[in-house]
Structure formats: C-alpha cells, structure tokens
Amino acid sequence: MGMGSRALVLLVTALLSATVQAGYVWVPSAPPQEIDAKLARLQTDAAAHKSAVAAGKRAAFFCSNCHGESGVSALDNIPNLAGQNAIFLLNQIDKFGDGRRNDDFMSGLVKVLKPEERFNIAVFYASQQVPPTPAQNSAQAAAGGKHFSRACVGCHGAKGHGSREIARLAGQRAGYLVTALTNFRLGKGSHADPRMTSVAKKLSVAEIAALAAYLGTLP
Ligand code: HEC
Ligand code: HEC
C-alpha cells in the first residue's frame with residue numbers, strides 16, 4: 001500500500017468512526033444454530049453460494065485496502081483472510097464489533113456492517129485461496145515445523161487449517177503471526193484467549209520466529 005492509499009485509509013477510517021460515534025447501533029449476528037443452518041444451505045445450493053460470495057465481495061470493497069482484493073493481505077502485519085474458516089471470520093468480526101476484541105482500525109470499521117453483510121463477507125473470504133510463501137530460511141522453517149507438531153496441531157490441525165472456532169494458520173503472513181504470538185505470550189491485548197496464552201507463554205522469541213516462518217509455507 002503506497003502512502004497515498006494509506007492516507008486515504010486513515011481518512012476513511014476517521015470518517016467511519018465519526019459515523020459510529022454519531023449513533024450507529026450494533027446489531028448482533030443471528031444465534032450460532034441459525035448461522036450454521038445458513039452455511040449448510042449454501043453448501044448444497046451453488047447458486048446461493050455464488051450470490052453470497054458476490055455480495056460479500058461488494059460489501060468488503062473497503063476491507064481490500066488492507067486485506068487485499070481477495071483477502072490475501074498487502075502488508076506483512078495485516079492478516080490474510082483468504083481461506084480462513086467462515087465461522088471463525090464471522091466470530092472475529094462480531095468480537096471487533098461488540099468490543100470483545102479491539103484494534104484501532106478494525107473496531108470502528110466493522111461497526112457499520114449489517115449482520116447480512118458480515119455473513120456474506122465471511123463467506124466471500126472463506127471461498128478465496130491463500131498462496132503459500134516459500135521459506136526464506138529453510139532450516140528455520142523446519143525448526144518451526146517441529147514446534148508446530150509438538151505444541152499446536154492438537155487445536156489448529158495437522159495442516160494448520162483450523163476449525164470453526166480456531167484460526168487457520170496455514171499461509172498466514174509472518175509479521176502478523178509474530179505480533180499475535182508475542183501478544184499471546186505476554187497476555188497482552190483483547191485477543192488474549194486463555195487457551196492460546198497458556199501455550200504461547202512457553203514459547204521463546206526464536207521459536208515464535210521459526211513458527212511464523214514455517215506456517216507461511218503451508219498450503
Ligand atoms: C486500515 C487497515 C484495515 C482495514 C481497512 C480492515 N482491516 Fe481487518 N484487520 C486489520 C488489522 C491490523 C488486523 C489485526 C488486528 C489484530 O491483530 O487484532 C485486522 C484483523 C481482521 C480480522 C481478524 C483476522 C484474524 O485472523 O484474527 C478480521 C476477520 C478482519 N480484520 C476483517 C476485516 C473486514 C471485514 C474489513 C472491512 C470491513 C476489514 N477487516 C478492514 C486492518 C484492517
Ligand atoms: C488448546 C488449543 C490451542 C493450542 C494448543 C494452540 N492454539 Fe492457537 N489458538 C487457539 C484458539 C482457541 C485461538 C483463537 C482465539 C480467538 O478466538 O481469537 C487461537 C489463535 C491463534 C492465533 C491467532 C490467529 C488469528 O488469525 O487470529 C495464532 C497465531 C495461533 N493461535 C498460533 C498458535 C501456535 C503457533 C500454536 C502452537 C505453539 C498454537 N496456536 C496452539 C487455540 C490453541
């Protein structure tokens with residue numbers, strides 16, 4: 001992202017948070033069973049899936065400034081959303097919206113999205129592909145693979161694809177992973193889920209770097 005578009009993002013972010021402060025009321029998403037039923041319907045109805053993806057892409061036009069056109073992020077400290085589990089994405093958007101998770105940019109932005117837009121955005125990003133990044137240092141990535149098998153596969157899965165409640169890590173940007181793991185390790189920030197912080201507390205700085213190098217290479 002060039003300086004011009006970064007300035008634009010900051011400007012629009014400021015305008016959107018002004019809108020939010022001007023009284024936009026957060027509408028919670030439907031209960032989990034209803035969301036599950038909606039997602040299950042999309043799996044058996046290709047035309048409905050296609051139109052949800054198209055609506056999600058339209059609703060996500062502004063998100064692409066940071067997360068990339070198809071959810072493959074343009075910046076190392078901003079997470080890829082492509083290929084992430086739909087429920088995980090929707091849950092995280094809802095957490096930013098109702099204040100359970102906080103980020104200077106994200107928290108204001110998602111507040112203006114209606115429940116249907118949030119659902120469609122999650123379906124859109126989940127349907128996109130994330131390309132793996134070749135390792136720059138293969139010894140470091142191999143060491144990361146060992147830590148991953150030892151400490152992470154139980155929750156994030158052998159291939160790092162996650163599940164409905166747990167993030168996909170495969171192909172994720174290294175800079176974002178290092179920041180997230182460091183914050184978990186220090187128990188810092190609103191994203192500090194106790195299931196994650198207890199694991200991350202035991203990681204060294206070198207192990208975090210190795211894990212990030214390895215996870216980026218996973219398809
Ligand atoms: C100004 C840049 C910016 C814009 C625009 C932006 N995001 Fe984000 N997004 C971020 C950053 C930075 C994070 C990481 C925040 C953190 O670490 O808690 C993030 C995190 C997320 C996450 C959590 C991902 C994860 O793996 O935990 C989701 C979901 C998300 N954004 C969705 C969106 C949606 C939907 C939009 C559009 C409405 C959007 N973002 C627009 C910067 C942005
Ligand atoms: C006991 C289960 C568990 C184990 C083991 C575990 N995690 Fe997690 N992890 C979670 C949960 C749950 C979340 C999602 C928290 C949330 O809802 O934001 C998470 C989130 C993350 C995130 C943030 C992803 C994102 O996009 O928001 C990263 C990075 C991560 N884990 C890396 C790891 C690594 C690396 C290991 C091994 C060293 C590991 N995790 C082991 C449960 C686990």
Side-chain angles (χ1 to χ4, degrees), residues 1 5-14 16-17 56-57 59-68 71 73-97 100-114 117-122 124-126 130 144-157 160 162-185 188-204 207-212 214-215:
M1 189 162 64
S5 63
R6 177 180 290 268
L8 180 67
V9 163
L10 289 173
L11 175 68
V12 181
T13 306
L16 281 173
S17 32
K57 187 176 166 65
F61 80 97
F62 183 69
C63 320
S64 63
N65 279 312
C66 294
H67 292 286
S73 154
L75 293 168
D76 196 38
N77 59 350
I78 294 187
N80 292 331
L81 305 179
Q84 191 58 270
N85 305 288
I87 296 268
F88 177 81
L89 288 171
L90 184 59
N91 285 343
Q92 299 304 315
I93 294 172
D94 285 346
K95 286 183 187 182
F96 284 119
R100 281 174 289 156
R101 182 171 172 185
N102 278 299
D103 176 75
D104 289 348
F105 291 118
M106 286 302 307
S107 302
L109 284 172
V110 302
K111 284 202 175 71
V112 301
L113 298 172
K114 298 186 182 69
E117 291 172 321
R118 305 194 303 256
F119 177 84
N120 289 333
I121 286 175
F124 163 61
Y125 284 127
V130 59
K146 289 204 183 113
H147 299 309
F148 187 71
S149 310
R150 172 178 58 78
C152 322
V153 294
C155 293
H156 290 277
S163 63
R164 27 179 312 127
E165 297 292 332
I166 301 198
R168 176 196 173 104
L169 303 176
Q172 190 50 281
R173 304 280 322 216
Y176 173 72
L177 290 171
V178 168
T179 306
L181 286 167
T182 305
N183 286 340
F184 286 134
R185 177 173 181 255
K188 216 177 98 184
S190 55
H191 194 195
D193 187 295
R195 290 169 291 183
M196 233 356 265
T197 47
S198 60
V199 179
K201 248 184 250 162
K202 297 176 200 128
L203 297 173
S204 69
E207 285 170 341
I208 287 178
L211 281 160
Y214 170 70
L215 290 166

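Both counts, for ligands and for their atoms, begin at 1 and track the order of listing. Hydrogens, waters and symmetry mates play no part in the numbers below; they use all other heavy atoms, side chains included.
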For Asn65, is the nearest heavy atom under 4.0 Å from an atom of ligand 1?
no

Atom 8 (Fe) of ligand 1 to nearest N/O/S of Cys63 less than 2.8 Å
no

Subset of ligand 1 atoms that lie under 4.0 Å from at least one heavy atom of [X]:
X	result
Leu109	4 (C), 5 (C), 6 (C), 41 (C)
Leu113	38 (C)
Ile121	35 (C)
Phe62	5 (C)

Taking all non-hydrogen atoms of both residues, which atom of [X] and which atom of [Y] are closest, and how far apart?
X	Y	value
Gln172	Asn80	OE1-N, 2.7 Å
Ala192	Lys188	CB-O, 4.1 Å
Phe96	Asn102	CE2-C, 4.1 Å
Phe88	Ser163	CB-O, 4.4 Å
Ala86	Ala122	O-CB, 3.5 Å

Looking at residues at least two apart in the chain, or sitting in another chain, which of them share a ring-ring contact (aromatic ring centres under 6.0 Å, His included) with Tyr214?
Phe148

Which of these, His156, His191, Arg185, sits in a side-chain contact (heavy atoms from CB on, under 4.5 Å) with Met196?
His156

Which residues pass the salt bridge (charged side-chain N to carboxylate O under 4.0 Å, His left out) test with Arg173, not counting sequence neighbours?
Asp76

Need the list: ligand 2 N/O atoms against protein N/O atoms, distance under 3.5 Å, rounded to one decimal.
residue: ligand 2; atom: 7 (N); partner: His156; partner atom: NE2; Å: 2.9
residue: ligand 2; atom: 9 (N); partner: His156; partner atom: NE2; Å: 2.9
residue: ligand 2; atom: 17 (O); partner: Gln92; partner atom: NE2; Å: 3.2
residue: ligand 2; atom: 17 (O); partner: Lys95; partner atom: NZ; Å: 3.1
residue: ligand 2; atom: 18 (O); partner: Gln92; partner atom: NE2; Å: 3.3
residue: ligand 2; atom: 18 (O); partner: His191; partner atom: NE2; Å: 2.6
residue: ligand 2; atom: 27 (O); partner: Tyr176; partner atom: OH; Å: 3.1
residue: ligand 2; atom: 31 (N); partner: His156; partner atom: NE2; Å: 2.9
residue: ligand 2; atom: 40 (N); partner: His156; partner atom: NE2; Å: 2.8

Show the atom names and distances, to 0.1 Å, of all donor-acceptor pairs under 3.5 Å that link a side chain in residues 175-182 to residues at least two apart or in another chain.
residue: Tyr176; atom: OH; partner: Arg101; partner atom: NH2; Å: 3.1
residue: Thr179; atom: OG1; partner: Gly175; partner atom: O; Å: 3.0
residue: Thr182; atom: OG1; partner: Val178; partner atom: O; Å: 2.6

